[in-house]
Structure formats: C-alpha cells, structure tokens
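Reviewing the structure listed below.
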Amino acid sequence: MGRLAQTDGLTDIQREILATVREFVDKEIIPVATELEHRDEYPTRIVEGLKELGLFGLMIPEEYGGLGESLLTYALCVEEIARGWMSVSGIINTHFIVAYMLKQHGTQEQREYFLPRMATGDVRGAFSMSEPGLGSDVSAITSKGVRDGDDYVLNGQKMWLTNGGSSTLVAVLCRTDEGRPEGTAPHKSMTTFLIEKEPGFGQVKPGLTIPGKIDKMGYKGVDTTELIMDGLRVPADRVLGGATGRGFYQMMDGVEVGRVNVAARGCGVAQRAFELGVSYAQQRHTFGKPIAQHQAIQFKLAEMATKVEAAHAMMVNAARKKDSGRRNDLEAGMAKYLASEYCKEVVEDAFRIHGGYGFSKEYEIERLYREAPMLLIGEGTAEIQKMIIGRRLLEEYRIQG
C-alpha cells in the first residue's frame, strides 16, 4: 500500500497541485522548520515560495486573479503544509478565512478592491473575534464601533490574532448597538470591519496598536498578537457587506472554513508524527532487534495509523460538504474535534516510541509535541465543538410530539 491519508476522487489538477505542494514541503520546509521554530523566526523565504506557487490565491475566484479551487483542495494543501511545519499553515489559514468572508459576504467594490491583491499575497489577511476576557464566548465581546459621520470610531482590545503583525488587512468583530432596540440579542448587534494597516508592531496607524508577539509554548515563527483600538477611524464603506448587524453570521461562516483548516492541520501533524515514529522504530534496537518488531510497538503503530486515516476521512467529508453548498457545521465540528484529539494522541505515541530522545530538541518530535496542544483550542475548544455537535444532533433526531 502507499502512504496513509490518500484521497479518492481527485481531479488531475488537484493531484498536480498536491504533488507540487508536497515537493515544496519536503524540499523547502521540513529541512529548516525545526531550526526556524527554535529561533521563533518568521519563515519569510517559505512564505515567498508559497506566493510564487499561487497558494495565497488558491480559493479566490479566477475572476479576481486566484486559482478558484475548492475547500477540499485547500484543506489537502494545508494538510501537506502542516506535515512540514504547522506554523506555516497558520499563516495562510487566517488569510483564507478573510478572503472567503470577502468572497461570500463582501460588496462588489470590496471584492474588487481586496481579492486580486490577496490572490497574489500582496495583501495578507488576519481576523479577530476573541478578546482577553471572553475566550470562546463571542457574544460577550466589548469592543465597540460607533458611527461618526462617514466613519466608525472603534475602541477595544482584541486577542490571539494570528498574523497580527505581518498582515495588512484585519477583519475585526465589534459591537454596533446604535439603532438596535433594547434587548436585541447580542449576536444581532455585531459588525465586521475591514481594517487596512501597515505590517509591523507598535502603532501601525493612528488609533491602532499591535503590541509585540505573544511568547508561546509552540506554534512559533508565526506572529500571534493582541490588537488595541483607541479611537480608530474606519470608513463606513469598510463594513463587510455594507450593512451592520451581520458580523456574527459572517464570522461563523468563516470559522467553519477555519475548523476544516484546523482539522487538516491536525491530520498533517499526526501524519508527520507517524512517519517519524515508524521510521525511528525500525532504526532503534533493543534486546537484539529493532523495536518495530516488538508487539507492543506494532500495536502502537497500528493505533496511530488508524487514527491518521480516520481523522483524514472526516476532514475530507467536512470539506466536501461545504463545497457542495450544504450546511457543514456538524461535520466541521466533528472533524475538528476528532482530528485535534487524535493528533495529540498520535504525537504522544510517537514521542513515547522515541524514548528519551523524544525529549531532546535535536529530534523533530519534540517540536510536534509542543505544537499539537494548540489544535485543541484553536477555532474553538473541544468543549465548544461538542456543544455544536450535540445541538445539531438534537436538531436532526428531534422526536415528534
């Protein structure tokens, strides 16, 4: 048999794209990933290579200069990239969420203005929902936008922005309460603003500050930041879709794409952990034979491979459901939940196979062991996914009468 996580029913173009991405990962990412990660260095050369391959425009329609590919193609590319270094997949994820939101919900002027430059990677996207005090409770956001003539004035503090420093376009969710009757549900008083800025840290434009990178256990290289708005003026024509009160639904639509992405990342990291584990098990000898010949290790490898295959299958199903135009929050939640949990378990098993060497920074598995936990909380914790799954199941299986 071939390697794990193969996908049936792909077109020749999809197979060609994936082969190109895999070759790039093997040659340009894997050899340098651990060194860059240990230095917490932004992978500029890798990002430039992704731009040359056209990956920043993978899902952007051809009419705007992109490749017009499906979510499935994108997810499979993310899986390959995360197999090389998860941080690189994070750099393109938030970019694609913003591009997807613009494609689905933006005005024609907004699409024509942003998408062609996003397709080339000249404009790089980030999106921001979370705040320091709310975690997954998006309805509790306090950042606020108030109309002032032709502008909105934004105030508030946002948290956990991937690409916060390197991006030039940020989609930010804020409350806009004016004109809403008292007692309006919080999610109906939210608006997405498109904020253009310069890359970098500090005050990047009047009223907008991006503090330095947050120091993290893993997921290094990519910049994760706060965003502070203090009297930031945003033109009214930079309200996504041109109307207030739609931000929550726009963001949730984008997050469904993001959850498929996180599932794909989990699949990629788990696949790399399996590759490292099965390789090391054939090289390491104990009691006169490779440890791969010990039944205990074979059982562990069997469990790891089965989890890689199962997570991949659920991720592919969620992507195909979204591509069909059907609702996929159930499938995306299941895929994200299962893939992130299985990723953690496969990485830990590979770590155990490495024994004491897994604890050494000389071995790649040490990096994966620190990266996997981020997937447990990114785009909604496991508990949030279970709530989504449970509610949708009750909708589907509601008894009559």
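A salt bridge links Glu196 with Arg238: the closest approach of a Lys/Arg side-chain nitrogen to an acidic carboxylate oxygen falls below 4.0 angstrom. The pair Glu396-Arg392 counts as a salt bridge, with a side-chain nitrogen and a carboxylate oxygen less than 4.0 angstrom apart. One finds a salt bridge joining Glu366 and Arg370 here, because a Lys/Arg side-chain nitrogen approaches an Asp/Glu carboxylate oxygen to under 4.0 Å. Ion pairing of Arg3 with Glu80 is present here, as a side-chain N (NZ or NE/NH1/NH2) and a carboxylate O approach within less than 4.0 Å. Contact check on Arg367 versus Glu37 returns no salt bridge, with no Lys/Arg side-chain nitrogen under 4.0 Å from an Asp/Glu carboxylate oxygen. Electrostatic pairing of Glu303 and Lys307 does not count as a salt bridge here, judged by no charged N lying under 4.0 Å from a carboxylate O. Contact check on Glu371 versus Arg272 returns no salt bridge, with no Lys/Arg side-chain nitrogen under 4.0 Å from an Asp/Glu carboxylate oxygen. Using a cutoff of 4.0 Å between basic side-chain nitrogens and carboxylate oxygens, Lys322 and Asp253 are scored as salt-bridged. At a threshold of 4.0 Å, the pair Arg352-Glu348 counts as salt-bridged, since one of the basic side-chain nitrogens sits closer than that to a carboxylate oxygen.
For Gly266 against Leu375, the heavy-atom pair with the smallest separation is CA-CD1, 3.5 Å. Between Met129 and Ile141, the shortest heavy-atom contact is O-CG2, 3.8 Å. The shortest non-hydrogen separation linking Gly245 to Thr191 is N-OG1, 3.0 Å. Across Gly165 and Thr225, no two heavy atoms sit closer than the pair N-CG2, 3.9 Å. Nearest heavy atoms, Leu72 versus Ala319: CA-CB, 3.8 Å.
Of the N and O atoms on the side chains of His95 and Ser167, not one donor lies less than 3.5 Å from an acceptor on the other residue.
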Side-chain donor-acceptor pairs of residues 42-65 under 3.5 Å, sequence neighbours excluded:
from	atom 1	to	atom 2	distance (Å)
Tyr42	OH	Arg124	NH2	2.3
Tyr64	OH	Gln108	NE2	3.2
Tyr64	OH	Arg111	NE	3.4

Side chain to side chain contact (heavy atoms under 4.5 Å, CB included) assessment of Gln104 paired with Gln250: CA-CA 8 Å; Gln104 295 296 110; Gln250 294 164 345; over 6 Å; no
Pair Lys220-Asp215, side chain to side chain contact (heavy atoms under 4.5 Å, CB included): steps then yes or no: CA-CA 8 Å; Lys220 294 179 180 289; Asp215 193 15; 3.4 Å; yes
From CA spacing to verdict: side-chain hydrogen bond (donor to acceptor under 3.5 Å, both in side chains), Glu379, Asn93: CA-CA 11 Å; Glu379 315 296 21; Asn93 178 40; 3.2 Å; yes
Test log, rule side chain to side chain contact (heavy atoms under 4.5 Å, CB included), inputs Val347 and Val269: CA-CA 8 Å; Val347 168; Val269 173; 3.9 Å; yes
Salt bridge (charged side-chain N to carboxylate O under 4.0 Å, His left out) between Glu341 and Lys344, intermediate numbers included: CA-CA 5 Å; Glu341 294 290 338; Lys344 177 201 69 172; 3.7 Å; yes
Stepwise side chain to side chain contact (heavy atoms under 4.5 Å, CB included) test for Met86 and Tyr219: CA-CA 7 Å; Met86 191 180 75; Tyr219 197 40; 3.7 Å; yes
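Residues Leu102 and Met118 meet the side-chain proximity criterion, which asks for heavy atoms closer than 4.5 Å. Residues Cys174 and Lys144 fail the side-chain proximity criterion, which asks for heavy atoms closer than 4.5 Å.
The aromatic rings of Phe351 and Tyr369 lie parallel to each other, their planes meeting at an angle below 30°, with 60° marking the opposite boundary. Relative orientation of the His354 and Tyr280 rings is parallel, given thresholds of 30° and 60° on the angle between their planes.
Side-chain atoms of Glu131 come within 3.5 Å of backbone atoms of Ser143 as a donor-acceptor pair (strictly under, hydrogens ignored). The closest donor-acceptor contact from the side chain of Asn163 to the backbone of Ile91 lies under 3.5 Å. Of the possible donor and acceptor atoms, none in the side chain of Gln282 sits under 3.5 Å from a partner among the backbone N and O of Ala292. Judged purely by atom type and a 3.5 angstrom limit, Ser279 has no side-chain atom pairing as donor or acceptor with the backbone of Leu276. Asp323 places a side-chain N or O within donor-acceptor distance of the main-chain N or O of Leu71, the cut-off being under 3.5 Å. Between the Asp223 side chain and the Gly164 main chain, a donor and an acceptor come within less than 3.5 Å of each other.
Phe359 is linked by a ring pair (Phe, Tyr, Trp, His ring centres under 6.0 Å) to nothing, counting only residues two or more places apart in sequence or in another chain. Residues meeting the ring pair (Phe, Tyr, Trp, His ring centres under 6.0 Å) test with Phe193, sequence neighbours left out: Tyr152.
In the displayed structure, Glu198 atom CD is contacted under 6.0 Å by at most 12 heavy atoms of other residues, nucleotides or ligands.
Ile228 contributes atom CD1, which lies 14.0 Å from atom CG of Leu154 (distance to the nearest 0.5 angstrom).
Evaluated for a salt bridge (charged side-chain N to carboxylate O under 4.0 Å, His left out) with Glu331, the options Arg320, Arg259, Lys321 yield exactly one hit, Lys321.
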